[in-house]
Every structure is written in C-alpha cells, then in structure tokens.
2 protein chains.
Amino acid sequence: MNQEIIHVAIVEDNDELRQMLAYVINGTPGFYCKHTYVDCESAIKELPNTYVHVVLMDIELPGINGIEGVKILKEKMPQVDFIMLTIKQDDESLFGSLCAGATGYLTKDTPPLQLLQSVKEVYHGGAPMSTRIARKVIDSFNIETKKSPLSERESEILKLLCDGMNYRSIADQLFLSAHTVKTHIKNIYKKLHVNSRAGAVSKAIKDGLI
Amino acid sequence: MNQEIIHVAIVEDNDELRQMLAYVINGTPGFYCKHTYVDCESAIKELPNTYVHVVLMDIELPGINGIEGVKILKEKMPQVDFIMLTIKQDDESLFGSLCAGATGYLTKDTPPLQLLQSVKEVYHGGAPMSTRIARKVIDSFNIETKKSPLSERESEILKLLCDGMNYRSIADQLFLSAHTVKTHIKNIYKKLHVNSRAGAVSKAIKDGLI
DNA sequence: TGCAACATCGCCCATTTGGGGTAAAATCCG
DNA sequence: CGGATTTTACCCCAAATGGGCGATGTTGCA
C-alpha cells in the first residue's frame, strides 16, 4: 500500500502558498507531503536524506534559484521528478528548467486539483505542462531549417571539416586534389563569414548546416 | 462564424480509418473535413491549394511517409498545424516528426473525443500528445550533462576556440601569453582525443562541453 | 606531507592553414 | 542559346598551428 502513496516535497519561499500546497497534498488520499523548504539551500542539504518521489519547485527563490536548485538536486537524486511551479513563462526559465532536469512545468495559477493530477502524472511517467508550454517545447524542435547557403559539395566538405580532417584527408576521401578542397573551403569561409576552420565548424553545427 | 470552424485534412491510407475520422469530424459542430488523402503524394500536390488549419497525418504510408510528408508540406504551409496519428511510438518516429514540423503526436488508439479535443488544442496554440510522449520529449532536454573532463581554464579557452579565435586573440582576451594559451589548447586536445581546432570545436559543441 | 593536477611561460621546427591570385570544364537555369 | 553557378585545379607566401621538450609556482586532496 505504502508504495501507492506519492511522497511530495515542496520548495517555495512564500509561506502561505507553501503551507497551502502542503495542506492540499496531505488532505488528499494517495498523496503525502512531509518535507517543505523555504529555499534551495536547505533543500539541497536535507532532501537527499529523505524519501520523496516528486518535488514541487519554485523558480523565484532568494539565494539559489529553482533552476540551479534542480540542477544540483537532480544530480544527487536522479530518480526524483521535479515539477517547476512558477509565474515565469519566459523561454529562458522554461528551457533552463528542462535542461536542468525538470520534468514538469506548471504556472502558479494551476488549480489544486490539476496540480495533484500533474503530480500523479509525473509519478507515473508523464510530463505535465500547460498546453501553451507544451507548444513552446514542441516548437523548439522545429527551429526552421535555414536552407544552407552552401552548395552540395561545400556542405559535404564542411561535414568532413567538422570531423577534424585536414586538406589531404578530405581530398583523399572525396577523390579530389587538396588544392580543390582548399578552394572549396575558402568559398565556405566566404559564405559563412568566418576565416578559420574553428569558426566554420562552430557555425556549421550551431546553425544546423550539417 | 466561419472562422470558428476548424478545417481539418486527413492523410491516411487505411480507407476505413480515414472515412471514420472524416465522419466523426464532420459530425461534430465546430469541425469540418473536406479534404482527405490516401498518400502524401496527392496531399503534397493538392493541400497547398486548400484552406485548412490542421492536418492529421499518418506515418506509415506507401511511398512518401508521413514524416517526409510533413517536412515537405510544412515548408509550403508553415501556418498549418500537423498532428501525427500513428501506431509508432519509437523515438525515431517521434523526434523525426517533431523536427519535420509536427506539432502534435497521437497514437491511433486515441479515442475520437480526445482526438477532436487535440485538434482544437493544436488550433488554439497547444501541442497535444500523450503523457508518455510528453515525457519522452521532455526527457530529451535532459540529456545527462557529461561533466566536462576539462578544467575551468580549459573550458574557458575552448569556448573562445569555438568562436574561431586564434592564439593571440584568446591570449589578449584572457590576459595570458599566447604560449600559455597554446599549452592549454594542447592539453584540451589530449583530453578530448583530437588534434585540431576543428575537432575540438566539433566535440565541444556536440558533447555540450560549452 | 607529498603527489597529482592545474596554470603559467618559454623555445624549436615541420606542417598546415588562410588569403591572394588564375582558369577551365561541367552543370544548371531561364 | 547564353549567362550564372558549381566543381575542379594550380601557384605563391606569410601566418598560424600542432607537437615535442622543459620549467616554475599553486592548489587540492589523500
């Protein structure tokens, strides 16, 4: 039976909200909240010694913010799921949280019932977030593929450049003369507005040219 | 009023399912489905000339598959939202679809009512997907950050390498001698098992070292 | 306390690179 | 058909790079 109860921890500096959340959680069958913290510092110190499944984490916190907090805590407790509970909806907070290891992202105006539903959802392998947040996340995959200004051959050579190959190796692999490879690379530099292999490789990868 | 009606198109080779979907859609107030296609080839030819908001796209199609289809269609109709409707739940199909431009990802066992809800959701700026799919998507952000084998200083220099800077520039920026910068870079090469700036930059970006 | 890692600076030298040209054939596109 | 682009190839040369070697001081951890 005990396994069925989801243990929730809260990190939230607002006393009223924190207590309200704990009250709601403890007042609902299947949920239990024993540990609450007013800042990340204390959470980082004590949470690793507790038994929890899900952590509700505020972002705007004094001292270590929620994103940094998740980063640190997720490192120590990778099996625990973190749900950000915040008023911030900017991309930086959102993707910062996800990259830090958060699994859910809810705004503070989420009604209690839906919040509990989200906790249950994350516990059962879901990733709760509002429809608007979900859209942002999905859209981040669809970064419009800027069509490369490079020709077929140039792209081919750029790929090899990214593998750290030099003129000779590239020439051998493509059955070209090193001179030709050099010409292509010079043209690539012109088109990408760089003047070194490092710059070209960086731009290539960051702009998804390869 | 007309704006309130969501125009849906369907690309699905299974006759029964396609007709059933169209039937459900047309039988529900607020939804309308005029155009249905049995393969991507015909959809690519005709869809750009139609008025639609949302396209339900099967993945397993003869000829051009749904992922390729979305890639081509999204290019021509970027304002249209695509929802994949598939039995495939593998990562390749999922992320392939998202990268191709899909906004939603549902399995074929999604009940009609929820499907309609998803269409409405995507039309209103959401990104409908099952909890399991959402989790996969979110987890993809949380690719464990391999802790860099590099020292603080080395990471710093690696960043500048990625900007295409040479010894002198880096030295100037960090108030070091070019010799020192060179030494650091040599050590970076050893640690990353590369032997050129291009290789280091490539590895740095791909492995998220910077 | 001692050793490993880090950070700093230096020299030598062969090889690579980047920039400046030139040019011809192939291919594509209108 | 004719121009634009792409692909191929070459020369010269100054500058940058990579590898090998050594040296000093600091810091951190065992």
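Letters A, B, ... are given to chains in the order of the sequence lines, protein chains preceding strands, and every chain is numbered from 1. Just so you know, these numbers come straight off a predicted model, no measurement behind them.
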Figure out the [atom1]/[atom2] separation between [X] and [N], and round it to whole Å.
X	N	atom1	atom2	value
Lys190(A)	dT6(D)	NZ	C1'	14 Å
Leu192(A)	dG19(C)	CG	P	12 Å
Glu156(B)	dT8(C)	CD	C1'	14 Å
Leu150(B)	dA5(C)	CG	P	14 Å
Glu152(B)	dT8(C)	CD	P	11 Å
Leu161(B)	dA16(D)	CG	P	15 Å
Ile185(A)	dC10(D)	CD1	C1'	16 Å
Asn195(B)	dT17(C)	CG	C1'	14 Å

Discussion item. Please classify the nucleic acid contact of Tyr167(A) as base, sugar-phosphate, or nothing, using heavy-atom distances under 4.0 Å.
Written reply: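 Since a base atom lies under 4.0 Å of Tyr167(A), the category is base.
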
Worksheet item: Is Ser196(A) touching bases, backbone alone, or none of the nucleic acid, heavy atoms closer than 4.0 Å?
Response: sugar-phosphate

Please tell me which of the listed nucleotides, [options], lies nearest to the side chain of [X]?
X	options	result
Ser177(B)	dG18(D), dT17(C), dG10(C)	dG10(C)
Lys186(A)	dG21(C), dG20(D), dT8(D)	dG21(C)
Thr183(B)	dA16(D), dG10(C), dT8(D)	dG10(C)
His179(A)	dC11(D), dG10(C), dT7(D)	dC11(D)
Asn166(A)	dT17(C), dG18(D), dC9(C)	dT17(C)
Leu176(B)	dT8(C), dA7(C), dA9(D)	dT8(C)

Worksheet item: Could you give the distance from CG (Leu56(B)) to CG (Asp81(B)), rounded to the nearest 0.5 Å?
Response: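 Between atom CG of Leu56(B) and atom CG of Asp81(B) there are 11.0 Å.
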
Below 4.0 angstrom, N of the basic side chain to O of the carboxylate: do [X] and [Y] qualify?
X	Y	value
Lys108(B)	Glu12(B)	yes
Lys203(B)	Asp207(B)	no
Glu154(A)	Lys191(A)	yes

Worksheet item: With nearest nucleotides of DNA chain C determined for Met165(A) and Arg153(B) from heavy-atom distances, which residue corresponds to the more 5′ nucleotide?
Response: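 Taking each residue's closest nucleotide, the earlier one in sequence belongs to Arg153(B).
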
Item to complete: Classify the side chain of Lys182(A) and the base of dG19(C) as holding, or not holding, a donor-acceptor pair under 3.5 Å.
Response: yes

Item to complete: May I ask you to verify whether the side chain of Thr180(A) and the base of dC10(D) hold a donor-acceptor pair under 3.5 Å?
Response: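 Donor-acceptor pair under 3.5 Å: no.
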
Discussion item. Counting only side-chain nitrogens and oxygens, does Arg197(B) get under 4.0 Å of the OP1 or OP2 atom of dT17(D)?
Written reply: yes

Worksheet entry | CD/Gln79(A): more than 12 non-hydrogen atoms of other groups inside 6.0 Å | yes

Worksheet item: Between Tyr189(B) and His184(A), which is nearer to the 5' end of DNA chain D once each is assigned its nearest nucleotide?
Response: His184(A)

Worksheet entry | Side-chain heavy-atom pair Leu85(A), Ile59(A) within 4.5 angstrom cut-off |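 Heavy-atom side-chain distance check fails, nothing below 4.5 Å.
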
